[in-house]
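The structure displayed is predicted, hence computed values, not measured ones.
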Amino acid sequence: MTDLETRAAPSRAGALRRATPALLGYAAVRGLGLIALALWSAARDKSAYTLLTARWDALWYTRVAELGYGYEVRLANGDVHSNLAFFPLLPWLERLVAAVSPLSYADGGFLVSLVASVAAAWGIFAVADHVYGRRAGVCAVLLWAVLPVGIVQSMAYSESLFTALAAWSLYAVLTGRWVTAGTLALLAGLTRPVGMAVVAAVWVAGIASFARERRAGDADGPGPRTRARRVLGMLLAPLGTAGYVLWVGHRTGKGPLGYLDVQAGWRNGFDWGYAFARFVAEKFTSFPSALAGAGLIAGVASVVWLYVVGVRQRQPLALLVYTGVVTALALCASSYFGSKPRLLMPAFPLLLPLALALARLRLRRSALVIGLVAVASAVYGAFWLNGSGPP
């Protein structure tokens, strides 16, 4: 299935009714995860809400919301951690929630993430339903919910917000709503650096559409108005990422590449996976850590295999481009190796081959599989967040 723009999208009310089973299932799985976290945290005399809203990146986002940009931490080794590394849309929304309600910035981040996670689940369903049908859509949402790092979807992080914007932008591309696709890509670009993956998907799909129409001839193509909207969507798409990166360059006085210097202060960059490969290789220097190294290799191989299966199943070009860029940026980053599962979470099209296989099982069997994995995910999420947690 490569050209899906001609299929009509359902009405908003009809789309919500169609997605209801997926959304209810998603809420049940994430509710189970939050209950497990609350119980585990209480047993360790910790606050589950603090773990969700006031640790790691969540603290950086709330500081941007409260005080704006300009804060940095200088470490003993000379590294400089600047809050300019964090894109502004989530802090803006936190500030908005705090301005119109009695909630704090941290509360606002938690609320935004909860709402965005449901919107992301709906967007994932819409994409999977459009490509493979309703049952595959439900399975895709549930698989995204039961990811081992799924608890991040409920944290005051930007992953849920970004995934929601990316999923709905991709759906807009698939249904030919180019201005919507470009606007959502713009917002995704204000959320995380990986917003360039959404931009790439919009641009490649747009160029492919023009090329397809040129081969077919003008008689069978859309009118000038449709083409103009496509061009407008493509022009809108990169403005979020480009705007923030250029602003950071102006703010730091280092020009268009200033944002790369900010990331370098966090020892983060793109090295084609060299540092990650060294990190994995070092695991094989002793027997206990060799098991972890083997697990990492198996995990990377699984991600690559799922992507190849998606190509073989002829997923729409926009999905393949988006997934490829998100996966490459996650696996080839030069630092924060423990964050890679979290960074891969927005690459939801990787789950579509599994969703399609699960949808082909009998309902009782697929429900049993999802139920068992949901329990394991809830327990792991509670253990993980009470331990090292997501850096």
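- Taking every heavy atom of both residues into account, Ser154 and Arg30 meet most closely at OG-NE, 3.7 Å.
- At a threshold of 4.5 Å between side-chain heavy atoms, the hydrophobic network of Ile, Leu, Val, Met, Phe, Trp and Tyr places Met196 and Leu320 in one connected group.
- For the atom pair CZ (Arg360) and SG (Cys139), the distance works out to 11.0 Å, reported to the nearest 0.5 Å.
- Arg229 contributes no side-chain N or O that, together with a main-chain N or O of Thr180, makes up a donor-acceptor pair within less than 3.5 Å.
- Linking ILVMFWY residues whenever their side-chain heavy atoms come closer than 4.5 Å, directly or via other members, leaves Leu260 and Val199 in distinct clusters.
- Minimum interatomic distance between Ser117 and Trp144 (heavy atoms only, all atoms of both residues): O-CZ3, 4.0 Å.
- Heavy-atom contacts from other residues, nucleotides or ligands closer than 6.0 Å to CH2 of Trp266 number more than 12.
- No donor-acceptor pair closer than 3.5 Å links the side chain of Arg267 to the backbone N or O of Asp79.
- No continuous path of hydrophobic side-chain contacts links Tyr259 to Val80 [ILVMFWY only; heavy atoms under 4.5 Å].
- Residues Arg63 and Tyr105 fail the side-chain proximity criterion, which asks for heavy atoms closer than 4.5 Å.
- There is no side-chain donor-acceptor pair under 3.5 Å between Tyr307 and Thr323.
- To the nearest 0.5 Å, atoms CG (Leu257) and CG (Leu246) are separated by 10.0 Å.
- Under the side chain to side chain donor-acceptor pair (under 3.5 Å) criterion, Glu72 pairs with Arg74, sequence neighbours left out.
- With hydrogens and angles ignored, the 3.5 Å screen pairs no side-chain donor or acceptor of Lys46 with any backbone N or O of Trp40.
- Of all the heavy atoms in Leu142 and Gly25, the pair that sits closest is CD2-C, 3.5 Å.
- A perpendicular orientation is assigned to the rings of Tyr49 and Phe110, their planes being inclined by more than 60° (bins at 30° and 60°).
- One distance of note links CG of Leu363 with CG of Leu368; it measures 11.0 Å at 0.5 Å rounding.
- Residues Tyr171 and Trp168 bring their aromatic ring centres within 6.0 Å.
- A donor-acceptor pair under 3.5 Å is formed between the side chain of Thr62 and the backbone N or O of Leu59.
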Show the numbers, then the answer: is there a side-chain contact (heavy atoms from CB on, under 4.5 Å) between Val141 and Phe348?
CA-CA 9 Å; Val141 170; Phe348 67 89; over 6 Å; no
Pair Trp122, Leu23 - check side-chain contact (heavy atoms from CB on, under 4.5 Å), show working.
CA-CA 7 Å; Trp122 190 0; Leu23 299 181; 3.8 Å; yes
Walk me through it: do Val131 and Gln315 pass the test side-chain contact (heavy atoms from CB on, under 4.5 Å)?
CA-CA 8 Å; Val131 178; Gln315 286 184 13; 5.5 Å; no
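- Note: the hydrophobic cluster containing Tyr274 does not contain Phe276 (ILVMFWY, side chain heavy atoms under 4.5 Å, direct or indirect links).
- Put simply, the side chain of Ile124 does not reach to within 4.5 Å of the side chain of Leu351, judged on heavy atoms.
- Taking a 6.0 Å sphere around CZ of Phe270, one finds it holds more than 12 heavy atoms contributed by other residues, nucleotides or ligands.
- With values rounded to the nearest 0.5 angstrom, Thr241 atom OG1 is found 8.0 Å from Leu186 atom CG.
- The environment of CZ in Phe383 is sparse: at most 12 heavy-atom neighbours from other residues, nucleotides or ligands sit within 6.0 Å.
- Hydrophobic clustering (side-chain heavy atoms under 4.5 Å, transitive across Ile, Leu, Val, Met, Phe, Trp, Tyr) keeps Leu343 apart from Met345.
- Side-chain atoms of Asp129 never come within 3.5 Å of backbone atoms of Phe125 as a donor-acceptor pair (strictly under, hydrogens ignored).
- Side-chain atoms of Ile207 and Trp203, non-hydrogen and from C-beta on, do get closer than 4.5 Å to each other.
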Could you go through Thr53 and Asp107, starting from their C-alpha distance and side-chain angles, then the distance that decides it, and tell me whether this counts as side-chain contact (heavy atoms from CB on, under 4.5 Å)?
CA-CA 7 Å; Thr53 63; Asp107 296 335; 5.8 Å; no
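- Between the CD atom in Glu159 and the CG atom in Leu344 there is a gap of 11.0 Å [rounded to 0.5 Å].
- We find the NZ-SG distance between Lys340 and Cys332 to be 7.5 Å, quoted to the nearest 0.5 Å.
- Here the side chain of Ser334 pairs a donor or acceptor atom with the backbone of Gly269 at under 3.5 angstrom.
- Nearest heavy atoms, Arg362 versus Arg135: C-NH2, 3.4 Å.
- Between Ala200 and Val325, the shortest heavy-atom contact is CB-CG2, 4.3 Å.
- Smallest separation of non-hydrogen atoms from Gly258 and Thr252: CA-OG1, 3.9 Å.
- You'll find the side chain of Pro346 reaches within 4.5 Å of the side chain of Tyr322, heavy atoms only.
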What do the steps show when you test Arg212 against Ser209 for side-chain hydrogen bond (donor to acceptor under 3.5 Å, both in side chains), and what is the final call?
CA-CA 5 Å; Arg212 190 163 52 244; Ser209 294; 3.2 Å; yes
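- At a threshold of 4.5 Å between non-hydrogen side-chain atoms, the residues Met155 and Arg342 do not count as touching.
- For the pair Leu52 and Leu385, the minimum side-chain heavy-atom distance is below 4.5 Å.
- Counting heavy-atom neighbours within 6.0 Å of Arg278 CZ, excluding the residue itself, gives a total of 12 or less.
- Residues Val115 and Leu161 form no side-chain contact, since every pair of their non-hydrogen atoms from C-beta on lies 4.5 Å or further apart.
- Under the 6.0 Å distance and 45° angle rule, Arg251 does not count as a cation-pi partner of Tyr69.
- For the pair Ile151/Leu51, no side-chain contact is recorded, criterion being any heavy-atom separation below 4.5 Å from C-beta on.
- Atom CG of Asp45 has 12 or fewer neighbouring heavy atoms from other residues, nucleotides or ligands inside a 6.0 Å radius.
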Return a table of donor-acceptor pairs under 3.5 angstrom between the side chains of residues 82-94 and protein atoms on other chains or two or more places apart.
from: Ser82; atom 1: OG; to: Leu84; atom 2: N; distance (Å): 3.1
from: Asn83; atom 1: OD1; to: Gly70; atom 2: N; distance (Å): 3.1
from: Asn83; atom 1: OD1; to: Tyr71; atom 2: N; distance (Å): 3.4
from: Asn83; atom 1: ND2; to: Gly68; atom 2: O; distance (Å): 3.3

